[in-house]
Amino acid sequence: MLQLNTIRQDAEGVIAALAKRHIDARPAVEALLALNEQRRHLQSETESQQAQANALAKSIGQLFREGKAAEAESMKAESAAIKERLGELATSLHALEEKERAQLIALPNMPHAAVPAGKHADDNEVVRTWGELPQLSEGHVPHWELAERYKLIDFERGVKITGAGFPVYTGQGARLQRALIQFFLDRNTAAGYLEIQPPLFINEASGFGTGQLPDKEGQMYHITEDNLFAIPTAEVPITNLLRDEIVAQSELPIKMTAYSPCFRREAGSYGKDVRGLNRLHQFDKVEIVCVEHPDHSYTRLEEMVAHVASLLEDLGLHYRILRLCGGDMGFTSALTYDFEVWSAAQARWLEVSSVSNFETFQANRLKLRYRSEEDHKPYLAHTLNGSALALPRIVAALLENNQGPEGIRLPEVLVPYTGFARITGS
RNA sequence: GGUGAGGUGGGUGAGAGGCUGAAACCACCAGUUUGCUAAACUGGCGUACGGGAAACUGUACCGCGGGUUCGAAUCCCGCCCUCACCGCCA
């Protein structure tokens with residue numbers, strides 16, 4: 001959530017920034033400011049009443065100790081009157097606070113100045129493209145056919161035991177999953193990220209901290225009996241590790257990586273977009289998360305982008321980097337880079353990573369702060385995260401782009417992990 | 001699943017209706033002193049939201065939410081969580 005102070009100090013700036021998302025935030029911001037003013041007014045009044053009540057209670061106690069019980073008794077009536085008034089004030093104050101908070105939580109993050117204007121995915125800015133279009137030989141097929149031919153993934157049995165969108169990896173397919181996970185984790189830890197193995201279920205507070213709740217609960221699997229949610233990404237448990245904490249400035253940046261299965265309900269999708277590995281209810285992903293000083297978060301973002309790029313280059317995948325336009329960015333992000341790899345047989349780009357700087361937006365919900373070395377006061381930290389990387393679409397591209405008459409050739413970097421250089425189905 | 005104990009500041013941990021935003025110790029910060037490091041000593045040291053140009057100041061916060069009381073960290077009720085032991089179990 002945005003910082004109230006920012007809105008109070010520069011409401012016009014906030015409205016202008018949010019306009020980039022193609023939303024007119026003016027009514028919401030103005031309503032918020034009005035609520036805020038009412039609240040502060042009411043708070044002052046409540047607190048002065050409270051101060052009176054406190055003072056009164058103190059003198060009554062004093063009188064009792066001095067043995068002036070009669071005088072004390074007479075003051076009790078006054079105290080009761082204040083208390084009654086205080087009760088009313090407190091009730092309306094709470095109601096106002098609630099409204100103010102609801103209003104504040106509903107505002108998305110302000111896009112960074114570098115975010116391109118635009119409404120739709122078509123308006124995203126292509127920052128850079130790497131590699132060559134793969135040349136496929138005659139008779140190439142999409143990855144779901146390859147997966148079947150080489151017995152890598154059993155979609156039908158996945159449907160039997162769970163449902164659509166829950167693939168079963170088998171043989172060289174399963175081995176490839178494990179190899180990719182380990183390859184990514186190795187590369188991430190070599191780049192200074194601390195490996196974490198997080199819980200796969202999170203509670204409500206965690207879901208709120210990173211922005212999945214309260215609005216996006218429909219996208220998560222909910223275990224109602226225990227009120228837990230299956231994680232949609234490792235970002236949630238990893239970032240929440242530092243919720244409600246004040247870390248020393250000297251500890252920044254905090255760099256973490258985690259592999260986890262990710263669970264997404266993704267209701268309402270159908271057709272070729274969800275064919276094969278394009279979109280799943282359960283998939284594997286290795287995530288990177290950084291907690292950084294505000295002065296350095298954009299340098300850190302670039303570093304993360306360069307790191308993800310190096311992974312794709314090692315895998316030899318033709319990719320492009322997009323800077324998302326205001327209309328296409330996520331609710332919590334200030335600046336997002338998407339990575340897309342070319343899926344040769346489908347002849348389309350597939351998103352495999354999204355690297356974002358959330359600035360203080362998540363930190364404000366998380367109460368994640370660092371203690372400044374300059375004035376020893378706590379300030380909200382910046383949080384960033386990115387996929388490094390999401391497996392299914394990487395697998396789709398690897399299969400499709402490297403297919404040939406003698407099976408599917410794997411990139412060299414994976415061979416030590418898979419133990420085979422070519423997928424042949426045997 | 002059963003039984004018991006307990007949740008207090010960055011940490012350990014006292015407090016058991018008013019003198020407690022909270023002892024003491026550790027950690028941390030500043031200073032004094034001493035060739036350096038260390039030690040010793042002195043002082044400081046929670047967070048949030050208000051008010052104020054600032055110095056400063058008000059209120060709240062002892063797991064969360066209610067209640068009793070003139071007054072609650074302290075008493076009562078509900079909830080959550082943690083720990084220990086037993087049972088079951090990878």
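Naming convention: chains lettered A, B, ... in sequence-line order (proteins, then strands); numbering from 1 in each chain. Keep in mind that what you see is a predicted model, and the values were worked out from it rather than measured.
Comparing B/G15 with B/A72, their C1' atoms sit 13 Å apart, to the nearest whole Å. With both ends at atom C1', the span from B/C41 to B/U33 equals 8 Å, rounded to whole Å. Taking atom C1' on both nucleotides, B/C64 is separated from B/G71 by 23 Å, rounded to a whole Å. Remark: the separation of the C1' atoms in B/G65 and B/A60 is 16 Å, to the nearest Å. Taking the C1' atoms as reference points, B/G17 lies 15 Å from B/A22, given to the whole Å. When the C1' atom is used for both B/U3 and B/A14, the distance is 29 Å, rounded to whole Å. Comparing B/A53 with B/G43, their P atoms are spaced 34 Å from each other, to the whole Å. B/A27 and B/U42 have their P atoms separated by 15 Å, with the value rounded to a whole Å.
B/C81 atom C1' lies 14 Å from atom CG of A/Asp226, rounded to whole Å.
Residues meeting the salt bridge (Lys or Arg N to Asp or Glu O under 4.0 Å) test with A/Lys76, sequence neighbours left out: A/Glu73. Take A/Asn401 and apply the side chain to side chain donor-acceptor pair (under 3.5 Å) test, not counting sequence neighbours, and it matches no residue.
The stretch residues 24-35 of chain A participates, sequence neighbours left out, in these salt bridge (Lys or Arg N to Asp or Glu O under 4.0 Å) pairs: A/Glu12-A/Arg26, A/Arg26-A/Glu30. Here ring-ring contact (aromatic ring centres under 6.0 Å, His included) pairs that include residues 221-255 of chain A, with residues two or more places apart or in two chains, are A/His222-A/Phe229. Within the structure, no pair that satisfies the salt bridge (Lys or Arg N to Asp or Glu O under 4.0 Å) test touches residues 362-371 of chain A, not counting sequence neighbours. A salt bridge (Lys or Arg N to Asp or Glu O under 4.0 Å) check over residues 31-52 of chain A, counting only residues at least two apart or in different chains, returns the pairs A/Arg39-A/Glu100, A/Glu45-A/Arg85.
Annotation: proximity of residues 77-89 of chain A to RNA chain B (heavy atom, distance under 4.0 Å) is found for A/Ser79, A/Lys83, numbered in ascending order.
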Evaluate the side-chain contact (heavy atoms from CB on, under 4.5 Å) criterion for residues A/Gln219 and A/Phe263: first the C-alpha distance (whole Å), next the side-chain angles of each, then the deciding distance (0.1 Å), finally the verdict. CA-CA 9 Å; A/Gln219 292 175 21; A/Phe263 303 92; over 6 Å; no
Dot-bracket, RNA chain B: Watson-Crick or G-U, under 3.5 angstrom, [ ] crossing, | other strand? ((((((((.[[[..)..(.....]]].(((((.......))))).((((((....)))))).[[[[[..)....]]]]])))))))....
Contact letters for nucleotides 50-65 of chain B, in which S counts primed atoms plus P, OP1 and OP2 and B counts the base, heavy atoms under 4.0 Å: SS------BBS-----
Only distances under 3.5 Å count here; give the side-chain donor-acceptor pairs of residues 233-240 of chain A to other protein atoms, sequence neighbours excluded, each with its distance to 0.1 Å.
unit_1   : atom_1 : unit_2   : atom_2 : d
A/Thr233 : OG1    : A/Glu235 : N      : 3.0
A/Thr233 : OG1    : A/Lys285 : NZ     : 2.8
A/Glu235 : OE1    : A/Asn385 : ND2    : 3.2
A/Glu235 : OE2    : A/Gln362 : NE2    : 2.9
A/Glu235 : OE2    : A/Asn385 : ND2    : 3.2
A/Thr239 : OG1    : A/Glu235 : O      : 2.7
A/Asn240 : OD1    : A/Arg243 : NE     : 2.7
A/Asn240 : ND2    : A/Ser206 : O      : 2.9
A/Asn240 : ND2    : A/Val236 : O      : 2.8

Please report, to 0.1 Å, the donor-acceptor pairs under 3.5 Å made by any side chain of residues 15-23 of chain A, with sequence neighbours excluded.
unit_1  : atom_1 : unit_2   : atom_2 : d
A/Lys20 : NZ     : A/His112 : O      : 3.4
A/Lys20 : NZ     : A/Ala113 : O      : 3.0
A/Lys20 : NZ     : A/Val115 : O      : 2.6
A/Arg21 : NE     : A/Asn109 : O      : 2.8
A/Arg21 : NH1    : A/Met329 : O      : 3.4
A/Arg21 : NH1    : A/Gly330 : O      : 3.0
A/Arg21 : NH2    : A/Asn109 : O      : 3.2
A/Arg21 : NH2    : A/Gly330 : O      : 2.9
A/Arg21 : NH2    : A/Phe331 : O      : 3.4
A/Arg21 : NH2    : A/Ser333 : O      : 2.8
A/His22 : NE2    : A/Gly118 : O      : 2.8

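Ring planes of A/Phe183 and A/Tyr417: perpendicular class, angle over 60° (limits at 30 and 60°).
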Between the protein and nucleotides 44-47 of chain B, list the N/O to N/O atom pairs that are separated by less than 3.5 angstrom.
unit_1 : atom_1 : unit_2   : atom_2 : d
B/U47  : OP1    : A/Arg371 : NH1    : 3.1
B/U47  : OP1    : A/Arg371 : NH2    : 3.4
B/U47  : O3'    : A/Arg369 : NH1    : 3.0

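Ring centroids of A/Phe358 and A/His382 are separated by 6.0 Å or more, keeping the two rings apart.
In the model, A/Tyr337 has no side-chain atom that pairs as donor or acceptor with a side-chain atom of A/Glu125 under 3.5 Å.
Nucleotides of RNA chain B nearest to A/Lys367 and A/Gly61 differ in position, and the one nearer the 5' end is that of A/Gly61.
Smallest separation of non-hydrogen atoms from A/Gln282 and A/Pro261: NE2-CB, 4.2 Å.
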